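Here's the structure we're looking at; comments come further down.
As the structure lists them, so they are numbered: ligands from 1, and atoms in each ligand from 1. The shown structure was predicted, so the numbers you read here are calculated from the model rather than taken from an experiment. Below, each value reflects all heavy atoms present in this structure, side chains not excepted, and no hydrogens, waters or symmetry copies.
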Amino acid sequence: MVQSTFHKYAIGIDYGTQSGRAVLVDLSNGNEIADHVTPYPHHVIDERLPGSGVKLPLDWALQHPDDYLEVLRRSIPAVLKEAGVAHDDVIGIGIDFTACTMLPIDSHGTPLCLLDEWKHHPHSWVKLWKHHAAQPEADQLNRIAAERGEAFLPRYGGKTSSEWMLAKVLQILDEAPEIYEAADMFLEAADWTVFKLTGRITRNSCTAGYKALWHKQDGYPSQEYLKALDPRLEHLATTKLRGEVMPLGSSAGGLTEEMAALTGLKAGTAVAVGVIDAHAAVPAMGVVTPGKLVMAMGTSLCHMLLHEEEKLVEGICGVVEDGIIPGYFGYEAGQNAVGDIFEWYIDEAVPAYVKEHAYREGLDIHQWLEREAAAYNPGETGLLALDWHNGSRSVLMDTDLTGMIIGITLSTRPQEIYRALLESTAFGTRKVVDTFVKNGIAVDKLYACGGLPQKNRLLMQIYADVTGREIVVADSKHTTALGAAMFAAAAAGKAAGGYSSIVEAAKQMAKIKQETFMPIPEHVRIYEQLYQEYCELHDYFGRGVNDVMKRIKSMKK
Ligand SMILES: Nc1ncnc2c1ncn2[C@@H]1O[C@H](COP(=O)(O)OP(=O)(O)O)[C@@H](O)[C@H]1O
Ligand SMILES: O=C(CO)[C@@H](O)[C@@H](O)COP(=O)(O)O
């Protein structure tokens, strides 16, 4: 279909864990005109390195940087073709990315893993956000920061994560000093991809703020702190983390001729600085004021909230000034796994008869289990689970914790376990909501986006019942990509046919559904009881009363 030439468009590209997708968006109303998904050809690399077959240790998760370019090569031409839009009318490109997904590059910007000299070395590869092998380094970072009373630590809930930039850099330094030396810079994959598009290295304030401990006034952690971590890190901030940190919604530069030829777009098209995937969803749901907790629900779950003041909240991932929407402090909390837990159950633990039933009825296994699980009332399964199959992000910030199901008997059925797993993730979110509220940050309503709200109504009803709050659902197949396109519109600017700010873009382009999920009072009452039991287990296993999870995990290592 050929679109009207009076319309202007932007392309938002969402780089997820398994795939990247491009969405071409009409800037006048946020309508998604065309979309295309490119699965990463190398998938998540967590067993062996591509090519050499070098075996990876436990808790590693890597990616191949060329997979990000493959998304540009395949998905941009595909959406242009499907939409029939002239490249002159595409005025901006924005990308959102998982984070902290980081890589070492040489002085030409080439990832070290693409060089013959380093390609056999696991530490030269992109470390994906869910690479969890830097926990000892995170522990060291946290201990030294606490001992020195570093001002940054309370802004990150009292603990920084093994998923973040500094822990990952320190792991490289500890285990592969030669890679640390060879790296000219460590970059977020978001910034590297923007560099490939524009030829210019910039850093975005969102990943820098939430994942690399960068602060608008104070910059990165001090030289003294970095030196106390390891003398070789003393100048990290001005050497391997150097580069201008630019605010969200600004332009990193224009598309290069080479990239224009590769994608079919026009050279010079504005490229917005990158943004974390979850954070891009906030304006895409029209959330530009406090009290509305946005939940990006997919493989993992990220919670984002705005507030006028900076409050120090234990166990959250971080608070960053202007980190999401200018003029507000943006708070982030999260759960390391949500959809991933359900996927694990289906892939690894569901009996064959469930698969057969689902197949016969033409349902996918999630749909079959959802339908069967919906027949139970809250509490009726007699089960209670902890949602730590991939560790706990908020509020414990500990990737060495593991999952658990209590109450199993000989009559327990797969759909009951499935329901208990759905509930466990809702309890995890309730913990986050309660923590914000206890610290004086209002949570009035929930806003859900990502793959899960579209796929599982039972899950959404359970979240409404467990939190006792109304849930608004995104009316977009690709909310994060829509947000990235909005940032592109802001980067292109009003004169080019975009918007003067992300707030203006959100007013015109955000998409939410009319139908919401309301809590059911009878369910709220029962879940309140179960949640209190969850809290008991949470503190017993998660706050050091009984470290059995860590002891048995270390035996495995
Ligand atoms: N019907 C369903 N109910 C619950 N979870 C589902 C369902 N279908 C898929 N999932 C889960 O959704 C997750 C993917 O979420 P999605 O938002 O599409 O991707 P991503 O987080 O990578 O952006 C997977 O972990 C999968 O287990
Ligand atoms: O950590 C963050 C955001 O802070 C996410 O990038 C990470 O959880 C990955 O999210 P997905 O569930 O793959 O969309």
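- Contact atoms of ligand 1 toward Phe342: 4 (C), 5 (N) (distance under 4.0 Å to a heavy atom of the residue).
- Ligand 1 places these atoms under 4.0 Å from at least one heavy atom of Tyr418: 3 (N), 4 (C).
- Scanning the protein heavy atoms around atom 18 (O) of ligand 1, the nearest turns out to be Lys455 NZ, 2.9 Å.
- Ligand 1 does not have Tyr15 within reach: every non-hydrogen atom of the residue lies 4.0 Å or more from it.
- Of the protein's heavy atoms, Glu343 OE1, 3.6 Å lies nearest to atom 26 (C) of ligand 1.
- The side chain to side chain donor-acceptor pair (under 3.5 Å) search around Lys513 returns Gln454, not counting sequence neighbours.
- Side chains of Ile462 and Thr425 form no contact here, defined as non-hydrogen atoms less than 4.5 Å apart.
- At least one heavy atom of Gly339 sits less than 4.0 Å from an atom of ligand 1.
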Hey, can you pull the donor-acceptor pairs under 3.5 Å for the side chains in residues 336-347, sequence neighbours left out?
unit_1	atom_1	unit_2	atom_2	d
Asn336	OD1	Arg393	N	2.7
Asn336	ND2	Glu163	OE2	2.9
Asn336	ND2	Asn390	O	3.3
Asp340	OD2	Lys130	NZ	3.3
Tyr345	OH	Pro414	O	3.2

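- Side-chain atoms of Glu82 never come within 3.5 Å of backbone atoms of Val79 as a donor-acceptor pair (strictly under, hydrogens ignored).
- At a 4.0 Å heavy-atom cut-off, ligand 1 touches Thr299 through backbone and side chain alike.
- Atom 17 (O) of ligand 1 has as its closest protein heavy atom Gly451 N, 2.8 Å.
- The salt bridge (charged side-chain N to carboxylate O under 4.0 Å, His left out) pairs that include a residue from residues 362-372 are Glu361-Arg371, where partners are two or more places apart or lie in different chains.
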Would Phe517 and Tyr463 count as a ring pair (Phe, Tyr, Trp, His ring centres under 6.0 Å) here? Give the steps.
CA-CA 9 Å; Phe517 288 87; Tyr463 271 61; over 10 Å; no

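- You'll find the ring centres of Tyr220 and Phe152 outside the 6.0 Å limit.
- Geometrically, Arg430 engages Tyr531 in a cation-pi contact, judged by NZ or CZ lying under 6.0 Å from the ring centre and within 45° of the ring axis.
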Could you check ligand 2 for N or O atoms lying under 3.5 Å from protein N or O atoms and list the pairs with distances?
unit_1	atom_1	unit_2	atom_2	d
ligand 2	1 (O)	Ala99	O	3.0
ligand 2	1 (O)	Lys211	NZ	3.3
ligand 2	1 (O)	Arg393	NH1	3.3
ligand 2	1 (O)	Arg393	NH2	3.4
ligand 2	4 (O)	Lys211	NZ	2.6
ligand 2	4 (O)	Glu332	OE2	2.5
ligand 2	6 (O)	Ala99	N	3.0
ligand 2	6 (O)	Asp277	OD1	2.9
ligand 2	6 (O)	Asp277	OD2	3.4
ligand 2	8 (O)	Ser300	OG	2.7
ligand 2	8 (O)	Arg393	NH2	3.2
ligand 2	10 (O)	Asp277	OD2	3.4
ligand 2	10 (O)	Ser300	OG	3.3
ligand 2	12 (O)	Ser300	N	3.0
ligand 2	12 (O)	Ser300	OG	2.8
ligand 2	13 (O)	Thr17	OG1	2.5
ligand 2	14 (O)	Asp277	OD2	3.2

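- Ion pairing of Glu416 with Arg413 is absent here, as no side-chain N (NZ or NE/NH1/NH2) approaches a carboxylate O to less than 4.0 Å.
- Closest to atom 5 (N) of ligand 1, if we only count protein heavy atoms, is Leu452 CD2, 3.3 Å.
- Listed by atom number, the atoms of ligand 1 under 4.0 Å from Asp340 heavy atoms are 25 (O).
- For Asn142 (side chain) and Thr160 (main-chain N/O), a donor-acceptor pair under 3.5 Å exists by modelled atom type.
- Geometrically, ligand 1 and Glu370 share no nitrogen or oxygen pair separated by less than 3.5 Å.
- The nearest protein atom to atom 1 (N) of ligand 1, hydrogens excluded, is given as His366 CB, 3.1 Å; this is a heavy-atom distance.
- Although no hydrogens or angles enter the test, the distance criterion places no donor-acceptor pair under 3.5 Å between the side chain of Ser392 and the main chain of Trp388.
- A salt bridge does not link Glu321 with Arg155: none of the charged nitrogens is closer than 4.0 Å to a carboxylate oxygen.
- Contacts between Arg21 and ligand 1, counted as non-hydrogen atom pairs separated by less than 4.0 Å, involve the side chain only.
- A donor-acceptor pair shorter than 3.5 Å can be found between the side chains of Gln135 and Thr399.
- If you check which protein heavy atom lies closest to atom 3 (N) of ligand 1, you get Asn456 ND2, 3.0 Å.
- Ranking protein heavy atoms by distance to atom 15 (O) of ligand 1, first place goes to Gly298 CA, 3.5 Å.
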